[in-house]
Amino acid sequence: MTDKLSRAEQAREFGFETRQLHAGQRPDPNTGARAVPIFQTTSYVFEDPESAAAYFNLQEYGNTYSRIMNPTVAVFEERVANLEGGAGAVAFASGIAAQAAALFTLLQPGDHVVSSSALYGGTVNQLKHLLRKMSVELTWVDPDDPGAWREAVRPNTKAFFGETIGNPSGNVLDIETVAAIAHEHELPLIVDNTFATPYLCRPIEWGADIVIHSATKFIGGHGTSIGGVVVEAGTFDWSNGRFPVVADASPAYHGLRFHETFGMYGYLMKLRAETLRDLGGALSPFNAFLFLQGLETLSLRMDRHVENARAVAAFLDSHELASNVTYPGLPGNKYRPLVDKYLPRGAGAVFSFDCAGGRAGGQGLIGGLTLWSHLANVGDAKSLVIHPASTTHRQLGDEELRAAGVGPGTVRLSVGTESVEDLIWDLEQGFARVAATTGAASDAPSGAPSAAKGGEKVETA
Ligand SMILES: *Cc1c(COP(=O)(O)O)cnc(C)c1O
């Protein structure tokens with residue numbers, strides 16, 4: 001490409017804020033459209049029979065069918081890959097589909113995976129049950145213990161898996177250390193970077209080989225769409241002898257050797273041409289368009305999410321009805337040194353705390369909130385709250401809850417971008433209700449909007 005922007009990109013390294021708006025896209029050459037058009041089409045007319053054959057042989061890269069690739073989705077893929085510093089990316093219909101595809105591409109029956117035990121609940125289910133169905137073994141490790149990662153490695157181990165910021169305990173993964181251990185054993189480290197986003201942390205810069213996102217969360221940012229994406233660094237040696245499934249002649253693609261043929265794009269080509277083709281969880285062009293709208297303001301929203309999360313965490317930390325605030329950015333938090341290293345712009349906006357009064361306290365607090373939305377999601381511009389013991393972890397007894405790192409009074413927050421005074425005012429209302437219903441003492445004046453700016457009235461969300 002020889003357009004002006006491409007020439008500028010060669011002469012100058014653009015900043016994150018520039019790339020979140022421009023990477024992977026040029027104004028549409030046919031129409032001049034500045035925004036990314038939604039190519040709502042299932043398929044593409046071939047110029048001639050020869051180029052059609054070349055596309056299907058992967059000798060030339062061209063659009064065939066939107067389960068495999070689509071021009072709107074391609075802009076989203078390129079933009080995320082650019083922001084994460086990867087060689088490329090493949091998008092999926094959900095974060096869970098992205099994870100499954102990333103693993104299926106490098107695993108075969110009899111293999112073994114080592115994973116952090118502090119993960120998003122849906123990922124725990126996926127690793128625990130789906131991998132077993134594939135006859136893949138799994139070892140959970142304490143992500144904070146480098147020795148545990150090393151000791152878990154077996155001859156049939158094929159990957160390490162962890163999250164930049166774990167859920168709900170707020171543990172921060174020591175990516176550089178864990179990546180070094182993975183590489184000692186010629187294994188790739190896969191990092192779910194959903195809670196950090198590429199603005200707050202880029203795991204590839206610290207040695208991660210594959211980065212996964214649920215785009216459903218902060219990348220979309222508005223709670224409108226489900227989607228996911230897999231980014232690969234392009235530096236892992238898939239021909240090191242441990243990964244015949246990536247390196248050897250593929251029976252699923254007429255004997256193609258993906259790593260030998262496509263080099264740094266080999267894993268990604270297999271992920272698209274085989275795994276996406278066969279599992280079929282393709283991202284829709286419309287959702288890709290919405291995620292691109294989200295990416296345009298990612299840094300602006302994340303700065304605001306972090307600023308609000310810090311203020312809410314500090315408020316809770318000093319509130320007598322709240323304890324065990326897991327925000328890793330708090331001064332004195334045990335992950336603070338890792339936050340300073342990996343997340344210098346802030347530790348995201350999702351964390352939990354324990355509300356006084358146990359189960360009744362946690363439920364009472366949420367019942368007393370008007371602005372925070374009670375639902376099972378994170379990463380929306382709107383502030384979200386959930387009481388795990390009565391919802392996502394409802395089946396567990398108090399003992400089992402403790403083992404899962406969830407107390408009966410644990411409340412999880414995803415701090416949004418509203419006026420922070422209003423968020424704190426609303427929490428004060430909730431605590432006043434806890435104090436009234438559980439008899440726990442409160443320093444919050446009951447029902448008084450003491451922190452609200454000018455006593456503004458807040459509409460119920
Ligand atoms: C939501 C989430 C997922 C799953 O993504 P979906 O888009 O819901 O399929 C995976 N990991 C983390 C950290 C998440 O928050």
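Counting starts at 1 for both ligands and their atoms, following the listed order.
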Of Phe104, Phe161, Tyr120, Phe92, the residue whose pairing with Gln99 passes side chain to side chain contact (heavy atoms under 4.5 Å, CB included): Phe161
Parallel, tilted or perpendicular: rings of Tyr253 and Phe258 (30°, 60°): perpendicular
Dump all N/O pairs between ligand 1 and the protein below 3.5 Å as a table: atom names plus distance, one pair per row.
{"residue": "ligand 1", "atom": "5 (O)", "partner": "Ser214", "partner atom": "OG", "Å": "3.0"}
{"residue": "ligand 1", "atom": "7 (O)", "partner": "Gly95", "partner atom": "N", "Å": "2.9"}
{"residue": "ligand 1", "atom": "7 (O)", "partner": "Ser214", "partner atom": "OG", "Å": "2.8"}
{"residue": "ligand 1", "atom": "7 (O)", "partner": "Thr216", "partner atom": "OG1", "Å": "2.6"}
{"residue": "ligand 1", "atom": "9 (O)", "partner": "Gly95", "partner atom": "N", "Å": "3.1"}
{"residue": "ligand 1", "atom": "9 (O)", "partner": "Ile96", "partner atom": "N", "Å": "2.9"}
{"residue": "ligand 1", "atom": "11 (N)", "partner": "Asp192", "partner atom": "OD2", "Å": "2.7"}
{"residue": "ligand 1", "atom": "15 (O)", "partner": "Lys217", "partner atom": "NZ", "Å": "2.7"}

ring-ring contact (aromatic ring centres under 6.0 Å, His included) against His305, all qualifying residues, sequence neighbours excluded: Phe218
Test of ring centre spacing under 6.0 Å for Phe243 and Tyr267: no
Salt bridge (Lys or Arg N to Asp or Glu O under 4.0 Å) partners of residues 107-134, not counting sequence neighbours, each pair once: Asp111-Lys158
Counterpart residues, ring-ring contact (aromatic ring centres under 6.0 Å, His included), relative to Trp140 (two or more places apart): none
